[in-house]
Enquirer: 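What follows is a single structure, and I will ask about it in a moment.
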Amino acid sequence: MRQPRIIDRSRDEHFMRQALAEAAAGAALGEVPVGAVLVQDGVVIGRGFNCPISTHDPSAHAEMVAIRAAAKAVGNYRLPGSALYVTLEPCSMCAGLIVHGRIERVVYGATEPKAGVALSRGEFFSQGFLNHRVLIEGGVLAQECSEMLSAFFRARRGAR
């Protein structure tokens, strides 16, 4: 039987700060500031930020970019035992990818009331039809994550 994971809040905050740095890199390019890092055995194996505008790719969400990089880095499309740190609650597209990638845990910062499916718009990860269970932890550095997004959209509205 699998032993339950012990949650280490300081470790979660450490990796969330790295995801925030990714989000800031995306914001500098004019992308919506969402960042993600994928960690396995305490090591970042993939990182990314939202870049659908610059790449002309609607699937280029931060989670997608980080998971693709990690899969390539480890040479496997499955990433068991990994944890994804993302600054914003995942959408349905990213949630499906997380399940298919066999990611063990998702830690997110800010909730996404319009499209988040970890909690806000339904609890996707608890659906009985899924063949993989993902542990979810929300609200890690939520204020910082939320403020980065709010500041980005305030600046965008002000530029109009």
Side-chain angles (χ1 to χ4, degrees), residues 5-71 73 79 82-99 101 103-127 134-160:
R5 284 207 178 247
I6 296 174
I7 307 303
D8 181 345
R9 193 66 165 193
S10 66
R11 178 185 171 121
D12 286 351
E13 288 179 0
H14 168 77
F15 288 118
M16 188 61 75
R17 289 193 193 291
Q18 290 190 39
L20 278 162
E22 290 296 316
L29 298 174
E31 299 281 357
V32 174
V34 178
V37 295
L38 192 68
V39 177
Q40 197 170 54
D41 299 322
V43 176
V44 175
I45 59 172
R47 57 182 67 242
F49 53 80
N50 267 11
C51 56
I53 298 166
S54 60
T55 62
H56 309 290
D57 178 358
S59 72
H61 288 196
E63 301 95 321
M64 185 79 71
V65 174
I67 292 168
R68 284 178 177 161
L79 301 159
S82 63
L84 178 67
Y85 294 85
V86 61
T87 59
L88 186 64
E89 180 182 3
C91 70
S92 58
M93 176 184 69
C94 294
L97 175 64
I98 289 162
V99 169
I103 292 166
E104 183 174 328
R105 185 168 176 250
V106 172
V107 180
Y108 67 88
T111 57
E112 175 29 310
K114 292 180 182 175
V117 299
L119 182 63
S120 296
R121 286 288 171 190
E123 296 179 11
F124 174 82
F125 296 104
S126 65
Q127 298 302 309
V134 179
L135 302 171
I136 304 296
E137 175 83 15
V140 174
L141 298 182
Q143 185 65 38
E144 291 93 327
C145 295
S146 181
E147 181 49 41
M148 183 177 285
L149 284 159
S150 295
F152 176 83
F153 286 113
R154 263 194 315 273
R156 187 185 247 184
R157 284 189 300 273
R160 287 188 196 158

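Excluded from the calculations below are hydrogen atoms, water molecules and symmetry mates; all remaining heavy atoms, backbone and side chain alike, are included.
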Enquirer: Looking at every non-hydrogen atom in both residues, tell me the closest pair between Gln18 and His14 and how far apart they are.
Expert: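 That closest heavy-atom pairing would be NE2-NE2, 3.1 Å.
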Enquirer: Measure the spacing between OG1 of Thr111 and CZ of Arg121 and express it to the nearest 0.5 Å.
Expert: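 One finds 11.0 Å between OG1 of Thr111 and CZ of Arg121.
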Enquirer: Report yes or no: does Ser150 contribute a side-chain atom to a donor-acceptor pair with the main-chain N or O of Ser146 at less than 3.5 Å?
Expert: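 Yes, Ser150 side chain to Ser146 backbone: donor-acceptor pair under 3.5 Å.
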Enquirer: If you measure from CD on Gln40 to CD1 on Ile45, what distance do you get to the nearest 0.5 Å?
Expert: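 Nearest 0.5 Å value for the CD-CD1 distance: 4.0 Å.
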Enquirer: To the nearest 0.5 Å, how far apart are CD in Glu147 and CZ in Arg154?
Expert: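 These two atoms lie 4.5 Å from each other.
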Enquirer: Using 4.0 Å as the upper bound for N to carboxylate O, is an ion pair formed by Glu89 and Lys114?
Expert: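 No salt bridge links Lys114 with Glu89.
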Enquirer: Heavy atoms, side chains only, cut-off 4.5 Å: are Leu84 and Val134 in contact?
Expert: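 Result no, sub-4.5 Å side-chain heavy-atom pair not found.
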Enquirer: Look only at the side chain of Thr87 and the backbone of Gly35, and say whether a donor-acceptor pair between them is shorter than 3.5 Å.
Expert: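 Flag set: sc Thr87 to bb Gly35 pair under 3.5 Å.
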Enquirer: For the residue pair Ser92 and Phe124, establish whether any side-chain heavy-atom pair is separated by less than 4.5 Å.
Expert: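 Ser92 vs Phe124: side chains apart.
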Enquirer: Please answer whether the main-chain N or O of Ala62 pairs with a side-chain N or O of Asn50 as donor and acceptor at a distance below 3.5 Å.
Expert: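 At least one qualifying donor-acceptor pair exists.
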Enquirer: Under a 3.5 Å distance rule, please check whether Glu112 uses its side chain to pair with a backbone N or O of Ser120 as donor and acceptor.
Expert: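 Here the side-chain-to-backbone pair does not exist.
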Enquirer: Find out whether Ile103 and Leu38 are in side-chain contact, i.e. whether some heavy atom of one side chain is under 4.5 Å from a heavy atom of the other.
Expert: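 Yes. Closest side-chain heavy atoms under 4.5 Å.
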Enquirer: Nearest 0.5 Å please: distance from the CG atom of Leu88 over to the CE atom of Met148.
Expert: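 Rounded to the nearest 0.5 Å, the CG-CE separation comes to 12.0 Å.
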Enquirer: Any side-chain heavy atom of Val39 sitting closer than 4.5 Å to one from Arg11?
Expert: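 Answer yes - side chains close enough.
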Enquirer: Considering all heavy atoms of both residues, which atom of Ile136 and which atom of Tyr108 are nearest to each other, and what is their separation?
Expert: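 That would be CG2-CE2, 3.7 Å.
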Enquirer: Give me the atom names and distance for the closest heavy-atom approach of Ser82 to Leu79.
Expert: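 Closest pair (atom of Ser82, atom of Leu79, distance): OG-O, 2.6 Å.
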Enquirer: Is there a side-chain contact between Val34 and Leu149 in this structure, where contact means two heavy atoms from C-beta onward sitting under 4.5 Å apart?
Expert: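 Yes; the side chains approach each other to less than 4.5 Å.
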Enquirer: Minimum heavy-atom separation for Ala66 and Gly48, please, with both atom names.
Expert: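 The pair with the smallest heavy-atom distance is CB-N, 3.8 Å.
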Enquirer: Would Glu63 and Met93 count as a side chain to side chain contact (heavy atoms under 4.5 Å, CB included) if you check the C-alpha gap in whole Å, the side-chain angles of each, and the deciding distance to 0.1 Å?
Expert: CA-CA 10 Å; Glu63 301 95 321; Met93 176 184 69; over 6 Å; no
Enquirer: Which atom pair, heavy atoms only, marks the closest approach of Ala110 to Cys145?
Expert: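 So the two residues come closest at N-CB, 3.8 Å.
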Enquirer: Is Phe125 close to Ile98 at the side-chain level, that is, under 4.5 Å between some pair of heavy atoms?
Expert: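 They are in side-chain contact.
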Enquirer: Examine distances only and state if a side-chain atom of Arg47 and a backbone atom of Ala36 form a donor-acceptor pair shorter than 3.5 Å.
Expert: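 The answer is no, because no donor-acceptor pair under 3.5 Å joins these two groups.
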Enquirer: Is the side chain of Glu137 donor-acceptor paired with the backbone N or O of Arg105 at a distance under 3.5 Å, no angle test?
Expert: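 Not a single qualifying donor-acceptor pair exists.
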Enquirer: Are any non-hydrogen side-chain atoms of Phe152 and Val32 less than 4.5 angstrom apart?
Expert: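 They are in contact (side-chain heavy atoms under 4.5 Å apart), so the answer is yes.
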Enquirer: Show the nearest heavy-atom pair for residues Gly109 and Ala142, with the distance to one decimal.
Expert: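 Looks like O-CB, 3.5 Å.
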